[in-house]
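Quick notes on the structure that follows.
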Amino acid sequence: MAKLVVSCEGLVQGHYFLDKDQFVIGRKPDNDIFLDDPSISKSQAIIVTVGNDHILEDAGSTNGTTVNGKKFVKHILQNNDVIGISDFQLKYVNQRASSDMDFDKTLMMAAPWKKDEPPEAMMPMHTHSQLATALSAARTNKANFPLGGVKGVKGQHLGQEIVISRPLQTFGQAGNRLAVITRRPHGYYVTHVEGKKTTKVNGKSIGTQPHQLQENDLIEVADEKLIFFLKA
């Protein structure tokens, strides 16, 4: 079972098994992992369990969180990763977490978790299986399909072209409506991850199953509209 080994200044403070769907790390005594340091935020970081993987997100902390010395937005933890929070080091131990995944380990979220939201708002329980499916598809398929991307025609990416060169890219708003586009050997797929109103393609709901994208498809997720394209 995956665990975190917490140490401070070289001294081990404790071992914490990641046997729950969600962990909160921070200065509040009732957090799953309590770190007694005034420089640490009350809710510093969140860890979400998705199958054999654990996804770490900084919870909008004041001083930030690092993985192996680098700051991040959202990170899929790998065996022996070291999370840095102030003077604490949290070593992630999980032999089942592959170190040679075919996609970038860091996922960039369009709308990070907000400090004034409860931790539960970050990723509702019912979305775990959908995200696990998307992660599994990205992990097991090495992309060789022609490079594609999206152009924003409404919302925060208005006028921007985003080339999807990594096997997984998220769009939307966490806790509201979120979708992921995965790049597979035979094409690009969009999958609805969370939110009561599912993602739409060309005005029609795609439900909860992966939907293969065609050039010039119009994707609607949250308040965004994106046109899918393939590069020559």
Side-chain angles (χ1 to χ4, degrees), residues 1-8 10 12-28 31-35 37 40-41 43-61 63-113 119-125 127-142 166-170 174-175 178 180 182 191 193-194:
M1 181 180 293
K3 68 177 180 179
L4 292 175
V5 181
V6 180
S7 60
C8 184
V12 175
Q13 306 289 311
H15 295 247
Y16 297 84
F17 287 97
L18 301 178
D19 55 358
K20 295 171 56 178
D21 290 305
Q22 182 171 281
F23 281 75
V24 182
I25 305 169
R27 184 163 46 86
K28 288 176 63 178
N31 283 338
D32 297 293
I33 299 179
F34 167 55
L35 302 178
D37 185 324
I40 296 175
S41 297
S43 295
Q44 176 81 20
I46 309 289
I47 294 178
V48 175
T49 301
V50 182
N52 291 327
D53 292 311
H54 294 91
I55 302 175
L56 173 70
E57 181 176 2
D58 182 83
S61 65
N63 295 319
T65 307
T66 64
V67 174
N68 303 326
K70 297 180 180 180
K71 288 190 175 182
F72 66 95
V73 175
K74 200 176 195 56
H75 179 81
I76 301 177
L77 289 166
Q78 300 300 294
N79 190 37
N80 293 323
D81 274 352
V82 177
I83 305 167
I85 301 176
S86 187
D87 293 329
F88 290 87
Q89 293 79 45
L90 295 77
K91 184 176 181 179
Y92 176 73
V93 180
N94 183 6
Q95 298 296 332
R96 293 187 177 184
S98 171
S99 61
D100 60 352
M101 293 183 185
D102 290 326
F103 62 95
D104 191 336
K105 307 304 187 297
T106 301
L107 305 180
M108 303 302 293
M109 294 290 285
W113 180 65
E120 292 77 8
M122 194 197 82
M123 187 175 292
M125 298 282 290
T127 69
H128 290 182
S129 61
Q130 294 165 0
L131 184 55
T133 299
L135 289 172
S136 176
R139 177 181 298 108
T140 57
N141 293 281
K142 187 173 182 179
R166 66 182 63 185
L168 188 151
Q169 180 80 39
T170 45
L178 194 69
V180 61
T182 53
T191 305
V193 175
E194 69 175 18

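Small disclaimer: the values here were computed from a predicted structure and weren't measured.
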Run the numbers on F88 and I40 for side chain to side chain contact (heavy atoms under 4.5 Å, CB included), then give the verdict. CA-CA 10 Å; F88 290 87; I40 296 175; 3.8 Å; yes
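- Side-chain atoms of Q89 come within 3.5 Å of backbone atoms of D87 as a donor-acceptor pair (strictly under, hydrogens ignored).
- Interatomic distance, NZ of K3 versus CG of L18, reported as 10.5 Å (0.5 Å rounding).
- Note that CD1 of I85 is 5.0 Å distant from CD of Q44, once rounded to the nearest 0.5 Å.
- Expressed to the nearest 0.5 Å, how far CG of L4 lies from CZ of F17 amounts to 10.5 Å.
- To the nearest 0.5 Å, atom CD1 of residue I55 and atom CG of residue L77 are 9.0 Å apart.
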Are F23 and I46 close enough, and set up right, to give a side chain to side chain contact (heavy atoms under 4.5 Å, CB included), and what steps lead you there? CA-CA 6 Å; F23 281 75; I46 309 289; over 6 Å; no
Derivation of the side chain to side chain contact (heavy atoms under 4.5 Å, CB included) call for V6 and Y16: CA-CA 8 Å; V6 180; Y16 297 84; 3.6 Å; yes
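- A distance-only check finds a donor-acceptor pair linking the side chain of N68 to the backbone of V82 [under 3.5 Å].
- In this structure, the side chain of T49 engages the main chain of K20 through a donor-acceptor pair within 3.5 Å.
- The backbone N or O of V93 lies less than 3.5 Å from no partner atom in the side chain of N79, so there is not a single donor-acceptor pair.
- A donor atom on one side chain and an acceptor atom on the other are not found under 3.5 Å apart for S7 and Q13.
- Atom NZ of K91 is separated from atom NE2 of H15 by 10.5 Å, given to the nearest 0.5 angstrom.
- Between the N31 side chain and the I33 main chain, no donor and acceptor come within less than 3.5 Å of each other.
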Could you walk me through whether D19 and M1 pass side chain to side chain contact (heavy atoms under 4.5 Å, CB included), step by step? CA-CA 8 Å; D19 55 358; M1 181 180 293; 3.6 Å; yes
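- Without hydrogens or angle criteria, R27 side chain to S41 main chain gives no donor-acceptor distance under 3.5 Å.
- Looking at H75 and D58, their side chains never bring a donor and an acceptor atom within 3.5 Å of each other.
- We find the CG-CG distance between L90 and L35 to be 6.0 Å, quoted to the nearest 0.5 Å.
- When T65, D37, N63 are each tested for a side chain to side chain donor-acceptor pair (under 3.5 Å) with S86, only one passes: D37.
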